[in-house]
Amino acid sequence: MGLKVGTAVNTDALVDDPEYRAITATQFSSVTPENVMKWGLVEPTRGRYEWAEADRLVRFARAHHQVVRGHTLVWHNQLPEWVTAGTWTRAQLRGILRKHVTDQVTHFKGQISAWDVVNEAFNEDGTLRDSLWLQKLGPGYIADAFRWAHRADPKAVLYYNDYNLEGIGPKSDAVYRLVRQLRREGVPVQGVGLQTHLDTLYDFPEKMQFNMERFARLGVDVAITEADVRIPLPVSPTEGLAQVADYSQTMQACLAVPRCVSYTVWGFGDAYSWVPAVFDGEGSADIFDENLAPKPAYYALQQDLRLAAGAPPRP
Ligand code: XIL
């Protein structure tokens with residue numbers, strides 16, 4: 001039914017681990033660089049771009065007939081120190097951001113199907129995050145970033161991407177209003193990415209399908225961009241089942257909405273997951289285990305996809 005199924009890729013593992021490489025090549029139709037397109041990695045020193053790692057992933061994707069989701073252009077994390085430590089006037093910082101967005105999108109022009117242009121700009125209560133960008137540039141930096149990216153590659157589909165955006169709540173309401181407003185103003189925002197970092201400790205996000213449908217009605221694509229379901233360790237049988245149900249429900253919500261065009265997991269193997277380093281005492285979040293053997297969640301997603309052979313076609 002045309003849904004892309006993707007994974008975030010750890011480019012070190014892609015080089016070092018043949019089994020990881022084989023799964024990446026054969027199980028997915030879309031890849032997202034987990035880190036190597038972030039500003040801090042592509043331009044650690046001002047004016048000296050380091051594209052090699054990202055270029056390698058783009059070549060890998062092409063060789064395996066996969067699309068690439070570009071991640072990410074404007075974010076408050078993993079910035080180069082020269083950006084965060086500098087003292088800039090508003091005009092200087094705006095120029096720096098414009099150059100970054102323009103240069104990066106231009107470098108990959110024609111090779112990226114979708115860009116996460118702005119990442120995680122909102123707080124949980126629906127106010128804008130007090131980032132360097134908001135502080136120095138004001139809320140207009142969001143529209144600017146989309147315009148600059150569109151100018152550099154008019155064919156790439158441009159996304160706003162965030163976490164805790166899956167259900168209905170103050171944050172997704174705020175993003176909904178922002179996207180509606182930007183589109184009224186003719187700003188080229190063309191997709192909304194729901195990161196979908198879930199945790200079996202919490203309830204499943206309320207009305208996920210309805211939420212995707214309301215975004216779709218604004219005329220944008222929707223994507224699940226970073227799915228994983230972490231579990232407090234050690235994993236109990238109940239939590240293990242909850243994980244399978246969570247993965248399956250997110251996939252089914254996506255399948256039910258024709259404009260949900262891709263479903264990406266934030267890494268497929270527990271051995272390489274970002275979760276244990278960031279969420280104390282939690283792990284086992286991925287669909288393959290520490291030895292890269294498929295877990296029940298993998299088979300559940302496969303089953304959902306098989307049963308959805310007759311689902312509405314993606315545009
Ligand atoms: C994470 C990576 O997985 C880690 O390897 C890195 O140390 C920090 O960033 N939301 C995002 C991703 O948009 O870029 C983050 O990725 C996870 C949360």
Side-chain angles (χ1 to χ4, degrees), residues 6-17 20 24 28 30-44 50 53-54 56-57 68-81 83-84 100-101 104 108 112 114-124 128-129 131-133 142 145-146 149 157-166 171-172 175 189 191-199 202 205 222-231 246 250 262-280 282-288 290:
T7 183
V9 177
N10 174 325
T11 48
D12 294 330
L14 198 64
V15 173
D16 297 339
D17 182 340
Y20 181 94
T24 307
F28 299 98
S30 173
V31 292
T32 306
E34 184 172 359
N35 285 299
V36 297
M37 284 189 195
K38 291 171 181 172
W39 195 347
L41 285 90
V42 298
E43 197 187 5
E50 298 188 11
E53 295 282 314
R56 219 192 323 268
L57 179 62
V68 182
R69 296 197 84 261
H71 177 81
T72 180
L73 299 169
V74 186
W75 194 26
H76 61 282
N77 275 334
Q78 291 178 281
L79 289 168
E81 206 186 307
V83 171
T84 52
H100 163 64
V101 170
Q104 180 149 354
F108 295 106
I112 301 289
W115 272 110
D116 291 333
V117 176
V118 176
N119 198 34
E120 303 181 349
F122 281 91
N123 297 313
E124 296 308 300
L128 281 174
R129 183 189 292 274
S131 67
L132 172 68
W133 310 119
I142 297 177
F146 282 100
V157 183
L158 305 183
Y159 277 69
Y160 176 82
N161 190 56
D162 213 327
Y163 60 92
N164 290 345
L165 208 56
E166 295 75 40
K171 191 175 191 175
S172 70
V175 172
V189 52
V192 172
L194 315 178
Q195 290 187 5
T196 316
H197 294 292
L198 304 186
D199 186 326
Y202 308 124
V222 178
I224 291 183
T225 54
E226 309 188 9
D228 55 17
V229 183
R230 57 189 185 271
I231 305 180
D246 279 1
T250 57
S262 79
Y263 183 103
T264 289
V265 292
W266 201 243
F268 55 83
D270 288 334
Y272 297 103
S273 169
W274 72 303
V275 164
V278 175
F279 300 93
D280 233 7
E282 296 194 76
S284 195
D286 290 354
I287 60 173
F288 289 69
E290 296 278 345

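Residue numbers run from 1 in the order of the sequence given. Numbering of ligands and ligand atoms starts at 1, following listing order.
Asp17 pairs by the salt bridge (charged side-chain N to carboxylate O under 4.0 Å, His left out) definition with nothing, not counting sequence neighbours. Considering only residues two or more places apart in sequence or on other chains, Asp246 meets the side-chain hydrogen bond (donor to acceptor under 3.5 Å, both in side chains) condition with none of them. Scanning for side-chain hydrogen bond (donor to acceptor under 3.5 Å, both in side chains) contacts around Glu120 gives Trp75, Gln195, with sequence neighbours left out.
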Are there any N/O pairs under 3.5 Å between ligand 1 and the protein, and if so, what are their distances?
from, atom 1, to, atom 2, distance (Å)
ligand 1, 3 (O), Glu34, OE2, 2.4
ligand 1, 3 (O), Trp266, NE1, 2.9
ligand 1, 5 (O), Glu34, OE2, 3.3
ligand 1, 5 (O), Asn35, ND2, 2.9
ligand 1, 9 (O), Lys38, NZ, 3.1
ligand 1, 9 (O), Gln78, OE1, 3.3
ligand 1, 10 (N), Glu120, OE2, 3.1
ligand 1, 10 (N), Gln195, OE1, 3.3
ligand 1, 10 (N), Glu226, OE1, 3.0
ligand 1, 13 (O), His71, NE2, 3.2
ligand 1, 13 (O), Asn119, ND2, 2.9
ligand 1, 13 (O), Gln195, NE2, 3.3
ligand 1, 13 (O), Glu226, OE1, 3.4
ligand 1, 13 (O), Glu226, OE2, 2.8
ligand 1, 14 (O), Lys38, NZ, 2.7
ligand 1, 14 (O), His71, NE2, 2.7
ligand 1, 16 (O), Lys38, NZ, 3.2
ligand 1, 16 (O), Trp266, NE1, 3.3

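Aromatic rings from Trp274 and Phe279 are positioned such that their centres are separated by under 6.0 Å.
Using a 4.5 Å heavy-atom threshold, the side chains of Arg69 and Thr264 count as touching.
By the neighbour-count criterion of 12 heavy atoms within 6.0 Å, atom CD of Glu124 is densely surrounded, having more than that number from other residues, nucleotides or ligands.
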